[in-house]
2 protein chains.
Amino acid sequence: MQKSLVDAPALGLRERKKRARREALIDATHRLVAEHGLDAVTVEAICEEAGVSARTFFNYFESKDDAVLGHTPWPLDSAATEEFATGGPTGHLLADLQALVSAFLSDPPMGRQRLARAFELAAQEPRLLARHLAWMEQHKGQLSALVERRLGENAPYSSEIVGATLLFLTHATFLRWDAAGGTGSADEHITAVVTDLRSILTD
Amino acid sequence: MQKSLVDAPALGLRERKKRARREALIDATHRLVAEHGLDAVTVEAICEEAGVSARTFFNYFESKDDAVLGHTPWPLDSAATEEFATGGPTGHLLADLQALVSAFLSDPPMGRQRLARAFELAAQEPRLLARHLAWMEQHKGQLSALVERRLGENAPYSSEIVGATLLFLTHATFLRWDAAGGTGSADEHITAVVTDLRSILTD
DNA sequence: GTGCAACTTTACACACACTGCAATTTTGCA
DNA sequence: TGCAAAATTGCAGTGTGTGTAAAGTTGCAC
């Protein structure tokens with residue numbers, strides 16, 4: 001087998017097995033939580049469903065909640081990220097913030113299918129939404145650094161608040177997308193959110 | 001003893017003892033966490049410090065983290081809240097949102113001193129910030145309902161997003177206040193946040 | 001394919017958070 | 001003083017999450 005046929009990453013067996021197991025654990029968690037509710041499902045039950053030892057579960061996820069959300073350490077290294085940091089794609093801050101959020105939401109780290117199920121469950125379990133928010137908050141530092149790179153030293157506003165805004169836009173867009181039953185494009189929703197927000201603030 | 005002398009709440013002994021114990025628990029938690037870090041402090045240790053049984057601790061707080069943050073079920077029934085819902089104080093949505101946030105931040109449910117210490121600790125322990133965020137998220141529904149009451153049926157934007165914005169403003173103001181070392185008025189900080197945000201969005 | 005080094009899974013033991021329950025003590029009030 | 005409501009407490013139990021060391025897999029060189 002060739003190392004890299006066309007553009008496939010050509011991951012080794014080890015890496016592929018790891019991903020498969022990770023997804024199997026997420027799927028098992030989704031099945032059980034959808035049926036019985038978050039609190040009624042134990043990690044032990046999930047592991048039985050997935051045919052894995054309980055200790056292994058915690059090699060993949062820090063907590064039960066993380067398994068539902070499929071939270072993975074987020075590298076934040078996509079092409080869109082780089083483009084934003086260097087002033088693209090349009091050079092207009094707001095438009096580029098929108099593009100960044102849209103790019104992230106369109107290319108989730110675990111597939112749309114699983115992401116949709118995760119959000120469906122999160123909508124019913126406040127704790128999960130909170131955990132998701134916390135996860136995003138963890139990355140605020142990275143986002144702020146990104147914004148700082150773009151704006152440079154003489155920024156008109158603090159990179160902190162731009163980073164926080166980025167996070168807020170992502171979250172609000174998520175919520176709107178979910179409220180719409182998971183239909184529509186990310187672009188469409190984020191545009192609507194920005195419009196609303198702007199009109200509230202300039203009212 | 002008269003029921004209500006002048007304007008004092010005239011709480012019974014029972015209620016006063018309860019508050020004192022609650023504050024004693026918060027203070028004990030702050031002391032220990034400041035010294036040893038959140039994870040190194042057990043509930044048992046906190047209770048020993050406060051001279052209370054471990055079971056009692058959980059009669060006061062849902063979790064260890066809540067004791068640090070002093071989270072109390074938030075009634076959301078202040079005069080400012082009522083005024084906002086009925087269209088006041090200025091009739092201008094944005095200005096009134098600011099007034100509401102400011103009123104909340106100026107009259108914290110546990111005293112500025114303790115609030116400041118709680119935030120100092122939260123800044124060093126990401127988990128606490130996350131929990132705080134989660135707590136705010138829990139109240140988003142109440143806020144949305146409040147906004148709905150004010151805007152009525154023919155609202156120009158969804159009460160959901162106004163509620164989320166309210167939460168975001170509160171959080172961002174908190175952060176800015178903390179970044180300033182806890183100095184300055186709530187009004188001052190929220191105004192700055194709104195100005196930044198507006199300029200980002202209309203850029 | 002043999003063998004070795006690196007990585008993964010697993011079992012076991014353990015600390016700790018948190019809950020339900022029933023007994024006990026404290027408080028408010030007549 | 002006595003009684004009812006409320007608060008505190010001990011205790012037993014469930015479940016999450018971690019450290020550790022042994023056992024099993026995989027990648028790779030020879």
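Remark: P of C:dC16 and CD1 of B:I46 are 12 Å apart, rounded to the nearest angstrom. Summarising the geometry, the separation between CZ on B:R16 and C1' on C:dT26 is reported as 15 Å, rounded to the nearest angstrom. When rounded to the nearest whole Å, the span between CG of A:D66 and P of D:dT16 equals 14 Å. Rounding to whole angstrom units, NZ of residue A:K18 and P of C:dA6 are separated by 16 Å.
Legend: residues meeting ring pair (Phe, Tyr, Trp, His ring centres under 6.0 Å) with A:F57, ordered by chain and number and at least two apart, are A:F61. For B:F168, the ring pair (Phe, Tyr, Trp, His ring centres under 6.0 Å) partners at least two apart in sequence or on another chain are A:F168. Residues forming a ring pair (Phe, Tyr, Trp, His ring centres under 6.0 Å) with A:H71 (at least two apart in sequence, or on another chain): A:H132, A:W135. Judged as a ring pair (Phe, Tyr, Trp, His ring centres under 6.0 Å), and not counting sequence neighbours, A:F84 has no contacts.
Contact between the side-chain N/O atoms of A:K64 and the OP1/OP2 oxygens of D:dG17 is not found at any separation under 4.0 Å. Neither OP1 nor OP2 of D:dA7 sits under 4.0 Å from any side-chain N or O of B:K17.
Nearest heavy-atom pair, A:A172 versus A:V193, reported as atom, atom and distance to 0.1 Å: CB-CG1, 3.9 Å. The two residues A:A34 and A:L121 have their closest heavy-atom pair at CA-CD2, 3.8 Å. Across A:A50 and A:A24, no two heavy atoms sit closer than the pair CB-O, 4.5 Å.
Using a 4.0 Å cutoff on non-hydrogen atoms, the parts of residues 53-60 of chain A near DNA chain C are A:S53, A:R55, A:T56, A:N59, A:Y60, ordered by number. Near DNA chain D, defined here as any heavy-atom distance below 4.0 Å, the residues from residues 21-44 of chain A are A:V41, A:T42, A:V43, listed numerically.
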> Do A:E125 and A:D65 pass the side-chain contact (heavy atoms from CB on, under 4.5 Å) test, and can you show the C-alpha distance, the side-chain angles, and the key distance before you say yes or no?
Replying inline: CA-CA 10 Å; A:E125 306 268 5; A:D65 297 2; over 6 Å; no

